[in-house]
Amino acid sequence: MNEFAKKQISIQTSGDIEAWIEELKAKYNDDKYYYDVDEAQKFHKFISKLELDKGKKGQKISLLKFQFEICTGIICVKRRTDGLRRFREAHINLPRKNGKGFIIACIIAYLYYCKNEFGSAILVTANTTKQASELFDTIKYMIDHNDTLKKYVKIKDSRKIIEKPNMNSKLQVISSDASNADSYAGLYCILDEIHESKNGALYDKLRTGMGIWDEPLLLTLTTASSGNDPNNLEMELYTYAKDIDEGRTQNESFYYAIYEAEKGCKLDDEEQWFRANPALGVFRKYDDVKDLAQKAMQLKTREAAFRRLYLNQHVSLDGETAINMNLWRDCLADVKLEELYDLPCWSGLDMSAVNDVTAFVQVFYDEEQDKYIVYPHLFTPKDTLTERSERDNIRYDVFVDKEYMTALDGDYINFEQLHSYIKELNSHFALEEIGFDRWGAVGIISALKKDFVVIEMGQGGKTMAPAINDFENLLMDNRLIIANNPVLTWMAGNVVATDRNGMKYDKKKSKNKIDGIIAMLMGLSRAVANTNSNEYKPEPITEDYLKEFWGMR
């Protein structure tokens, strides 16, 4: 172990509470808020009397610096106006084996005994009862192995409930089924492993139910998700935290602690290991991470897993998507349509179901950069937004509000309105061709042909395999500029490929909607076919090339 690693470990294990407190006072003290030193010292004294549930039996808790910062940052920052706690929600985002559950157990054990309210409930939940029970068991162990704390409670282990009769309060594990959450009004609520949450319904209901208390606290714990799904609860809260951090939005009651390596970092960069893993070298084994990093550098198939699980980066693992989302995100850019007026344009139109999502994707060719620019237009019926948002667990309403999608009048895709929209686009751009599913509605094809050159395209492997090949080659060579539309990126993350008489992106096999990607492939296919003056000549497909491309997924 080198000197840098030793220094980082020393910082975490120094136990210099007074110095840590001074740092936190400097961070939080201002005209509106203050760091309550007395509360912080009280918390530290309380926790130091409890036993660890893992490691040497009987060993008392000695907090690392980052653990103390998170716990007291949440508990001890107060409003100057009334002395109440500043933070009402906290998002903890850490890689595996860095003790997320232990941190929350410390917070909850302290609050349960020192900041409880009569008749209140502490609710612990996760995606499975087993996950929630593991966190419950850590809290129970701390209580059960302290004679003073134990005498105030009744532990019903089989039901995962700890009752405190003198306060008519309880701590309990609840089901992850959101349909049963309406009756709860938790004072403190914990949602564990939210990157695996099916949706945000339970989070929404628990948060709403906390409104009766003066100082509620909602805690979410997680590691990074793939980053492909903007509806994923982890991705929503991660993005929200980043928006606060970068000044795009404000919420002074939202606490976040996100530990992640920098995007694109080298796998053997030890500074990034410690940046993502604050417990590294203590209970997060240094040699284990070092060994895994070396294997990830030698075996490209392990790189994605190392970045996701140990560097806490948003990376797709094998089998999650047919599209290399690392390369996709590298191509994302803020694209303004008005800056593309002079560029030649081809497009693809995927009508999908009449009451669902339709995609019209423009593909421009910039000869100066020798790049193709992808710009999506996504449509959905206005009158069924709420119904389909609930049915599909996709926030069409939010996408429309944020202008990532356009709502067309009616309860189905209004083709006349869509047709007018495309004609309006054509007044600014010369739409050279529109690629359209040859099995699409005959009436729609006929109407489009009156105003545009329509190229009827099949959706099987024979037609789509060359389009996918063009797309993947351009993606690999960073010759795409993709407008940063989160819905299109979500669709890219949904794609599953099948190979029957040629490769295709299969709507039936894919995890969710991919209409925008199908439209993009059709538009890109027509753009590449018509730019032969600068014909794209990919590098030879060698064995090393294939290993690199598929290994990075």
Side-chain angles (χ1 to χ4, degrees), residues 23-36 66-82 84-95 98 100 103-104 107 188-195 197 199-200 202-204 206-208 210-211 215-263 275-276 278 311-314 329 332 334 395 397-399 401-404 484-487 489-490:
E23 287 183 26
L24 292 166
K25 283 171 60 180
K27 178 178 180 179
Y28 288 113
N29 284 1
D30 59 24
D31 293 340
K32 295 176 67 175
Y33 305 104
Y34 69 96
Y35 181 82
D36 189 334
F66 87 97
Q67 295 169 334
F68 183 82
E69 289 173 344
I70 293 174
C71 291
T72 63
I74 293 170
I75 293 171
C76 303
V77 180
K78 309 287 183 65
R79 302 190 302 217
R80 292 193 183 274
T81 54
D82 55 16
L84 296 180
R85 189 169 17 86
R86 170 183 172 178
F87 296 112
R88 307 306 171 90
E89 182 172 350
H91 177 65
I92 314 299
N93 201 319
L94 271 167
N98 277 272
K100 295 186 297 295
I103 292 171
I104 300 304
I107 292 172
Y188 309 123
C189 297
I190 305 102
L191 281 82
D192 197 5
E193 304 294 355
I194 63 167
H195 65 289
S197 295
N199 54 52
L202 181 59
Y203 166 86
D204 291 336
L206 291 180
R207 192 178 184 205
T208 302
M210 300 170 76
E215 287 188 286
L217 181 62
L218 176 60
L219 295 154
T220 54
L221 293 75
T222 191
T223 56
S225 66
S226 69
N228 300 335
D229 183 359
N231 291 306
N232 179 277
L233 183 55
E234 182 275 336
M235 197 61 195
E236 283 187 353
L237 294 178
Y238 172 90
T239 303
Y240 187 63
K242 290 296 183 180
D243 285 344
I244 294 173
D245 194 51
E246 296 172 17
R248 290 188 292 269
T249 191
Q250 290 185 338
N251 185 343
E252 295 183 350
S253 66
F254 186 89
Y255 176 95
Y256 52 93
I258 299 173
Y259 291 82
E260 60 182 341
E262 294 175 346
K263 181 181 178 182
R275 180 186 175 96
L311 299 184
N312 211 32
Q313 296 175 326
H314 292 96
R329 278 187 280 269
L332 293 177
D334 292 326
R395 295 306 302 270
D397 51 345
V398 174
F399 293 155
D401 287 343
K402 293 186 176 181
E403 299 183 347
Y404 301 140
N484 191 3
N485 182 310
V487 184
T489 295
W490 167 66

Exactly one of Glu252, Arg79, Arg80 should register a side-chain contact (heavy atoms from CB on, under 4.5 Å) with Lys32. Which one does? Glu252

Side chain to side chain, Asn251 and Tyr240, heavy atoms closer than 4.5 Å: yes

Could you tell me whether the side chain of Asn312 and the main chain of Ala224 form a donor-acceptor pair under 3.5 Å? yes

The reported gap from OG1 in Thr239 to CG in Asp245 (rounded to nearest 0.5 angstrom) is 12.5 Å

Minimum heavy-atom distance Ala261-Ala276, with the two atoms named: N-CB, 3.7 Å

Test item: side-chain donor near acceptor, Glu260 and Asn93, under 3.5 Å: no

Do Asp334 side-chain atoms and Asn484 backbone N/O form a donor-acceptor pair below 3.5 Å? no

Nearest-0.5 Å distance, CG of residue Asp192 to OG1 of residue Thr222: 8.5 Å

Suppose we screen for side chain to side chain donor-acceptor pair (under 3.5 Å). Which residues come up paired with Glu246, at least two apart in sequence or across chains? Arg248

In this structure, which one of Leu219, Leu191, Leu218, Ile194 forms a side-chain contact (heavy atoms from CB on, under 4.5 Å) with His91? Ile194

Salt bridge or not between Lys27 and Glu69? Use side-chain N to carboxylate O under 4.0 Å. no

Euclidean distance, Ile75 CD1 relative to Ile70 CD1, rounded to 0.5 Å: 11.5 Å

Using 0.5 Å steps for rounding, measure from the CZ atom of Arg395 to the CG atom of Asp401. 9.0 Å

Let me see the working for Tyr255 and Val77 under side chain to side chain contact (heavy atoms under 4.5 Å, CB included), right down to the final yes or no. CA-CA 10 Å; Tyr255 176 95; Val77 180; over 6 Å; no

Please assess Thr223 against Lys100 for the test side chain to side chain contact (heavy atoms under 4.5 Å, CB included), listing each intermediate value before the final yes or no. CA-CA 9 Å; Thr223 56; Lys100 295 186 297 295; 3.5 Å; yes

Are Leu94 and Pro278 packed together at the side-chain level, in the sense that at least one heavy-atom pair is separated by less than 4.5 angstrom? yes

Hey, are the side chains of Ile74 and Ile92 touching, using non-hydrogen atoms and a 4.5 Å cut-off? yes

Could you give the distance from OG1 (Thr489) to OH (Tyr404), rounded to the nearest 0.5 Å? 10.0 Å

Are there more than 12 heavy atoms of other residues, nucleotides or ligands under 6.0 Å from atom NZ of Lys402? no

Under 4.5 Å between any side-chain heavy atoms of Glu215 and Arg88, yes or no? yes

Show the nearest heavy-atom pair for residues Arg85 and Pro216, with the distance to one decimal. NH1-O, 3.2 Å

Nearest-0.5 Å distance that lies between atom CG in Asn485 and atom CZ in Phe399: 8.5 Å

Side chain to side chain, Phe68 and Leu24, heavy atoms closer than 4.5 Å: yes

Once the angle between the rings of Phe66 and Tyr259 is folded into 0 to 90°, is it parallel (under 30°), tilted (30 to 60°) or perpendicular (over 60°)? perpendicular

For a quick test of reading the model, state the closest non-hydrogen atom pair linking Tyr203 to Leu233 and the distance between them. CB-CD2, 3.8 Å

With sequence neighbours excluded, residues passing side chain to side chain donor-acceptor pair (under 3.5 Å) with Asn231: none

Identify which one of Arg329, Glu234, His195 satisfies the side chain to side chain donor-acceptor pair (under 3.5 Å) criterion when paired with His314. Glu234

Would you check if Leu237 and Tyr256 make a side-chain contact, meaning some heavy-atom pair closer than 4.5 Å? no

Is it true that a side-chain atom of Arg86 and a backbone atom of Tyr34 form a donor plus acceptor pair closer than 3.5 Å? no

Taking only residues two or more places apart in sequence or in another chain, which ones pass side chain to side chain donor-acceptor pair (under 3.5 Å) with Arg207? Glu89

